[in-house]
Structures are given as structure tokens and as C-alpha cells.
*Asks:* 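Dropping the structure in here first, questions after.
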Amino acid sequence: MKKLCIFLCLLLPLFLFAACADDEQAPDETSGTAVNDGIKIDLGDAVTIGVNETKQLTALSRKDNSMTTVIWSSSDSSVVAVNYDGLLTGIADGTAVITATTPNEAYTATCTVTVSSVLTNIVFENANVDMEKGAEITLTPILTPANITNVSLTWMSDNPKVATVTDGVVKAVGNGSTSIIVSDETNMHTAVCTVTVTTTVTGVTLDVESDTIQMDKGDTRTLVAAVIPADASDPTLTWSSSMPDIVEVSADGTITAKAGGAANITVTTVNGIVASCTVVVNSPVVGITLDQTEVVLGVGETLQLVATIDPADANLQDVSWGCSDLSVVNVDNTGALLGLKTGTVEVTVTTIDGNLTATCTVTVINAATEITFDAEGGDLELGKMMQLIPILTPEDADPPVLTWVSSDPTIATVDEYGNVTALALGETVITATATNGVTATYNLRVVELEIKIEKIVMDEILSVKVASTFNIGISLLPNNCTEGYVITSLDPTMIRVNSDGSLTPLKAGATTVVVSSKSGSVSASCVVSVDALTDAEREALSQEYAQKDAELLQEHNNNIASITAKYDAQLAKIDEIIAKLSISSETEYNTKRADLSTRLADAQAALDQAVLDGDQQMIAVHTATRDALQEQINNLDKDWTTLSLLLKNRQDNLTAKSNELSNEDARYLAAQNKLKAEYAFLF
């Protein structure tokens with residue numbers, strides 16, 4: 001037993017060496033479970049596969065066809081590769097021998113493998129193609145693998161009435177859609193391209209006998225349009241009228257004459273091709289009238305007569321004018337009248353077809369060029385009546401026909417003869433207007449019935465001091481008198497009569513104050529003695545005046561500062577906005593716009609030339625340049641519109657500022673003068 005163990009120990013290194021030697025065989029050889037009988041390969045002696053195609057080989061025992069573990073190898077791994085499990089992979093076109101060897105190398109089996117490119121897929125670059133009827137295109141299928149050459153393809157169209165196909169050449173024969181199908185000889189691989197065939201409209205016609213159609217107002221007619229070619233895919237048409245108020249057109253081409261005049265009827269295809277005709281609608285004249293049928297005109301005066309044609313949309317609007325005596329009235333071709341001498345004539349207007357007329361009786365008089373009253377206005381006691389008599393210029397003018405109006409008939413009314421009746425207290429304006437438009441006005445005030453003053457009673461002697469404003473005691477008789485009175489100082493430099501009837505002594509001395517009724521029928525007087533101011537009183541009043549004068553000046557300065565600040569803030573805001581614009585003056589705008597317009601014209605000319613040359617790249621460049629320049633011009637115009645408004649606003653602010661400052665100066669001067677008048681006794 002001990003010897004047996006020693007023998008096995010000596011054999012073990014040999015087995016390990018043999019195993020290592022087996023491991024160092026070719027890289028594509030692998031081993032499995034050993035068999036002890038002859039072997040064969042299940043797929044036989046020869047196999048064909050495609051590039052990148054795989055196929056499984058299996059080694060079988062010849063004894064019982066059981067699977068046998070073998071070592072696989074390829075005679076040319078650049079053509080066919082085989083892994084340890086017998087899986088083949090086609091690498092490139094060619095032939096290689098695959099060998100299966102039992103681990104003990106007792107048995108082998110071989111299989112010749114031929115690698116050939118095999119079609120794996122067919123596609124089209126575009127799955128959908130649009131074609132115009134009559135056009136041809138060639139469809140080129142994309143094969144996988146790309147280097148395959150030995151493929152026979154079959155082509156078919158599932159609707160030959162739409163498109164036919166021969167060896168990939170597709171011809172569009174009718175509108176619609178069809179599938180173009182290509183397949184290999186095994187029908188295992190197929191590609192489909194959907195072809196849509198359309199026919200584009202190339203023209204459109206109208207069934208009219210000429211470019212101009214005559215219709216009567218109210219008539220209808222249906223225009224028929226035909227597209228070219230007749231089998232166009234989309235024959236949709238759109239109808240329009242340039243003047244829908246004159247000729248209306250419906251969606252089906254039916255036109256309706258609505259009013260006299262002319263309109264263009266246009267039919268447009270979906271791709272913008274148009275056909276048009278002009279429709280003239282006849283609207284005959286049925287009547288003519290004048291705005292006046294009787295007028296009075298002064299010598300040398302003018303008047304416009306207006307003729308109206310019925311209907312207003314009649315085609316023939318022209319008329320002719322005539323006068324029964326052109327030495328009395330001249331009439332021009334617009335109906336303007338000129339009075340030449342006194343007399344009466346008939347002015348006639350006639351439609352251009354001579355069938356209808358209208359007349360106006362024109363009387364020419366020696367008309368007054370001016371009308372006045374003996375006064376601009378006056379008072380009228382409530383309930384009483386007066387007549388206003390117009391004074392004519394020239395004096396020999398024919399008496400005019402006057403229209404009398406009261407601006408407020410609730411205060412006073414006036415009749416056709418100028419008789420005015422006072423109805424209520426208040427004021428109104430009486431206006432007399434001659435037929436030639438000359439007017440005269442009278443400002444009337446209706447007052448209560450006045451009770452006259454019969455006696456005035458007042459103090460005969462008064463003693464006052466300078467600067468001490470006072471009132472004179474006055475008694476009027478009778479007690480219910482309504483007449484007013486007037487106070488007068490015989491020496492206004494000594495005693496001033498104020499607007500409220502009070503008196504202010506201005507210097508020492510004596511003078512007489514007279515009170516008179518407004519009518520001047522009665523009066524009374526009073527001697528006023530004025531004592532001078534003491535030095536202390538004068539000083540106090542001087543200081544009072546100086547204080548008030550200083551307050552006026554301070555108020556004036558404050559107002560000036562406020563006005564200036566208000567407008568300067570507005571002007572600063574305007575200037576801030578102007579500063580953000582691309583221009584600041586009209587001159588700058590005109591210069592920039594002229595430059596941009598010149599550059600735009602050059603760009604357009606360059607674009608036009610590029611279009612003629614068919615240079616697509618330069619068309620794009622010049623189009624971009626032109627559009628950019630046009631955008632600059634648009635922005636410049638917007639800035640100019642904004643600047644114009646801002647500059648006007650600025651000038652308006654400057655003018656308003658100047659006016660307010662001037663008004664403030666005037667107010668201050670008036671306040672100073674009023675203050676000086678109040679303290680006149682100091683000066």
C-alpha cells in the first residue's frame with residue numbers, strides 16, 4: 001500500500017504538467033466533461049452564417065447521441081469565432097473550420113463554416129414623402145448591413161392610381177396617398193414609404209364676359225370661379241369686395257349690388273393666386289332738391305345754395321346751375337350766389353341728364369352792412385315795455401327782415417317788431433339778425449319799479465382826523481325810496497370816497513362832501529374838517545404800512561419760488577425723458593433719418609440684385625440688413641413722435657411758467673398799489 005501511494009505521488013506532477021500544457025493551448029479552445037467514445041457535430045460537416053450572426057454547435061457521442069464535452073477551436077478566428085460552449089459568431093466573409101476535440105484528444109470532429117453577409121433590415125430615410133402630380137422621385141432603401149450587395153429587392157405600390165414604382169423610381173399619377181413597399185426575396189425584411197400626391201393650383205378664372213360688370217342697384221348675380229388645373233387638391237376659394245357697402249359678395253361668389261358706385265370683386269386660391277373683376281352699380285337719379293327755396297340777398301353779398309340728389313348714392317351726382325337774370329344774380333357751377341343789383345330772379349339747378357330740376361327765388365336788396373341800436377344796453381322796469389329801433393348803415397339801405405331773439409325769454413320777451421316786455425328781474429340779451437347775417441345786440445336788465453328820492457338829510461359839519469375812515473350819516477326820504485345815491489368829494493386829494501361808500505381823510509384841511517340821487521334831482525352837502533396826524537401817529541402808521549408792505553413782498557417771493565419750483569421739477573422730468581431718447585432735436589432727427597433712409601434704399605437695391613442673381617446667401621444677408629435698418633427707422637420715428645410731444649410739453653410748461661410769474665408780478669403790483677392807496681395819507 002505504501003508503494004502505491006509513492007507511485008501516485010510521482011504521477012501527480014505529471015498530470016499537473018499535462019493540465020498546464022492543455023491550458024496553454026490557443027485562446028479560443030475550452031474544455032468540458034471527457035467522453036470515451038467517437039464524436040460528431042450536430043449541425044453536420046458544413047454551416048453557413050452571416051456577419052455578426054451567431055449559431056450554436058453541439059458535440060454528440062456517436063454511440064448514443066448524448067452531449068459530449070469537447071474543446072472547440074477555429075482555424076481562422078478573424079472569419080469565425082467560437083467560444084468554449086460551441087457558440088459561433090460570424091466575423092467577416094470567408095470560410096473557417098471549427099474543430100471539436102475530446103479532452104484526452106482521443107476523438108475529433110470538424111465543421112466547415114462559411115460566413116456571408118446577410119440582410120437584417122430595410123428602412124427608408126423618410127417614411128413620408130409629398131409629391132406633385134406628374135413628378136418623379138427615386139427612393140433608395142437603406143440596407144443593414146450597409147455593405148451587403150447580393151440582395152434582390154421587390155417593389156410594389158398598394159395604389160398604382162396614385163403612384164407607380166419601378167426599381168425604386170416613383171411616379172405620381174393621381175391625387176391621394178399610397179404605400180410604396182420594398183422587400184427582399186425572402187419577404188422577411190420590408191420597408192414602407194407613404195407617398196402623398198397633390199396637385200397645386202396654378203391659376204383661377206372668372207366666368208365674366210369682361211373685366212367690368214354693370215349691375216343695377218338691388219340686383220344679384222353669382223360669379224363662378226374655376227381653378228386651374230381642375231383636379232387641384234385644394235380648390236378652396238375666398239371671395240372679397242373692396243367696397244362691401246357698394247357690392248357685397250358671399251362665400252359662394254354671389255354678389256349683391258347695394259349702392260351706386262364701383263367695387264373690385266376678388267377671388268383668391270389657397271396659395272394666393274387671384275382673379276378679379278370690377279362691378280359698377282347703376283343707381284339712377286330720381287329727384288333733386290335745394291336747401292332753400294326763397295332767399296333775400298344784399299347787393300355784393302354771397303350765399304351758397306346746396307343741391308341734394310336723391311338717392312344719395314346715385315351715379316350721376318353732377319348738376320348744372322342757371323339764373324333767369326344774370327345781371328341781378330350771378331351763380332357759379334357750385335351754386336354760390338352773388339347779388340349784383342336789386343331785383344328778383346329764379347335760380348335753377350338741373351341734373352346732368354337734364355330731366356330733373358329744383359328752383360329758388362332770390363330777391364336782391366340794398367341790404368344794410370351794419371345794424372346798431374342807440375345804446376349798447378339799458379334798464380327796463382319790471383312789467384314795462386319798450387321798442388328797440390335798429391339803426392341801418394348805410395342810411396338808404398332797404399329795411400331788412402329781422403329775426404328777434406331774447407337769450408332768456410323768462411326775463412324778457414321780444415316780438416317780430418322789436419317790442420320788448422319785461423317779465424322778471426334779471427338780465428338778458430336781445431339780438432336782431434338780418435337775412436344777410438348782420439346782427440345787433442342790446443344788453444337788457446329788468447329792474448324793479450324805482451321810487452325816486454325826494455330829500456336827502458345829512459350832517460352839515462364833521463371833524464375827523466387823517467387816516468380815520470368814517471361813514472357819513474345819510475337819511476333818504478321817503479323811507480321806501482328805491483333810487484340809489486352817489487357820494488362825491490369836492491377835493492379827492494383831501495378826502496377819498498371808497499367803493500363801499502366810506503370816506504378816508506388823506507390830508508389836513510377842509511372840503512365839502514356831496515350826496516346826490518342817481519337821477520341828480522336832489523342833493524345835500526356836508527363840510528368835513530380834517531385834522532393832521534401827530535408825529536407819533538404818523539410813525540405808527542408808517543410802521544404798519546412798512547410791515548404790510550414787507551408781508552406783501554415776502555408773499556410775492558414765496559409765490560415766485562413756489563411757481564419756479566413747480567415748473568422746474570416738471571421741466572427736469574421732461575429733460576430726463578428726452579435724455580433717454582436717441583435724438584434731442586428735430587435737426588438731429590432729420591439728419592439721422594435721411595442717413596438711415598439712404599442706407600435702407602441701398603440695402604433694398606442690393607437685395608433686389610441678389611434676388612435677380614438667385615444668390616440665396618446674399619438674399620438672406622441683405623434681407624436681414626434691410627429689416628434691421630427699417631426697424632431702426634421705425635424706432636427713430638417713435639422717438640421723434642415722443643420728442644415732439646415732449647418738446648411741445650416743455651414749451652407749454654415754459655409758457656405757463658412765464659405766464660404765472662407775470663400774473664404773480666401783476667398781482668403783487670396791484671396789491672402794492674392797493675396798499676399805497678389805503679395809506680395814501682403817508683405819501
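Every value quoted in this text rests on a predicted model; they were computed, and no experiment measured them.
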*Asks:* I'd like to know whether T359 forms a side-chain hydrogen bond (donor to acceptor under 3.5 Å, both in side chains) with T348, so could you lay out the CA-CA distance, the side-chain angles of the two residues, the decisive distance to 0.1 Å, and finally the verdict.
*Replies:* CA-CA 4 Å; T359 60; T348 303; 5.7 Å; no
*Asks:* Using the side-chain hydrogen bond (donor to acceptor under 3.5 Å, both in side chains) rule, take T598 and D595 through it: C-alpha gap first, then chi angles, then the decisive distance, then the call.
*Replies:* CA-CA 5 Å; T598 300; D595 176 62; 6.0 Å; no
*Asks:* Got a second to check how far I228's CD1 is from T205's OG1, nearest 0.5 Å?
*Replies:*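 The distance works out to 5.0 Å.
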*Asks:* Applying side-chain hydrogen bond (donor to acceptor under 3.5 Å, both in side chains) to T222 and T254, what does each step give before you reach the verdict?
*Replies:* CA-CA 4 Å; T222 299; T254 299; 3.0 Å; yes
*Asks:* Which distance, rounded to the nearest 0.5 Å, do you find between the CG of L356 and the CD1 of I309?
*Replies:*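 So the gap between those two atoms works out to 8.0 Å.
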*Asks:* Taking NZ, NE, NH1 and NH2 as the nitrogens, is one of them in D245 or K258 under 4.0 Å from a carboxylate oxygen of the other?
*Replies:*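 Salt bridge absent between D245 and K258.
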*Asks:* Is the ring pair W640/Y589 parallel, tilted or perpendicular, if the boundaries are 30 and 60 degrees?
*Replies:*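 Taking Y589 first and then W640, their aromatic rings lie parallel (interplane angle under 30°).
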*Asks:* Side chain of N635, backbone of E631: donor and acceptor closer than 3.5 Å?
*Replies:*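 Yes: the side chain of N635 pairs with the backbone of E631.
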*Asks:* Measuring from atom CG of L290 to atom CG of L305, what distance do you get when rounded to the nearest 0.5 angstrom?
*Replies:*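 CG of L305 is found 5.5 Å from CG of L290.
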*Asks:* Out of T236, T202, L237, D234, which one pairs with V227 under the side chain to side chain contact (heavy atoms under 4.5 Å, CB included) rule?
*Replies:*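 Exactly one option meets the side chain to side chain contact (heavy atoms under 4.5 Å, CB included) with V227, and it is L237.
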*Asks:* Say you draw a straight line from CG of N264 to OG of S241; how long is it, rounded to the nearest 0.5 Å?
*Replies:*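 So the CG of N264 and the OG of S241 are separated by 8.0 Å.
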*Asks:* Is a side-chain N or O of E132 found less than 3.5 angstrom from the main chain of T200, in a donor-acceptor match?
*Replies:*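 Side chain of E132 to backbone of T200, a donor-acceptor pair under 3.5 Å: yes, one is there.
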*Asks:* About how many Å separate CD of E576 and CG of L646, when rounded to the nearest 0.5 Å?
*Replies:*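 One gets 11.5 Å once the value is rounded to the nearest 0.5 Å.
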*Asks:* Is N271 reaching over with its side chain to a backbone N or O of V201, donor-acceptor style, under 3.5 angstrom?
*Replies:*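 Between the backbone of V201 and the side chain of N271 there is a qualifying donor-acceptor contact (under 3.5 Å).
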*Asks:* Could you check whether any side-chain N or O of T68 sits under 3.5 Å from a backbone N or O of S66, counting only pairs where one atom can act as donor and the other as acceptor?
*Replies:*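 Yes, T68 side chain to S66 backbone: donor-acceptor pair under 3.5 Å.
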*Asks:* Check whether any side-chain N or O of Q604 sits under 3.5 Å from a backbone N or O of T623 as a donor-acceptor pair, and report yes or no.
*Replies:*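 Pair absent, no side-chain N/O of Q604 close to backbone of T623.
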*Asks:* Is R221 salt-bridged to E209, going by a charged N under 4.0 Å from an acidic O?
*Replies:*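 So R221 pairs with E209 through a salt bridge.
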*Asks:* When rounded to the nearest 0.5 angstrom, what is the spacing between CG in D291 and OG1 in T289?
*Replies:*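 Going from CG on D291 over to OG1 on T289, the span is 8.5 Å.
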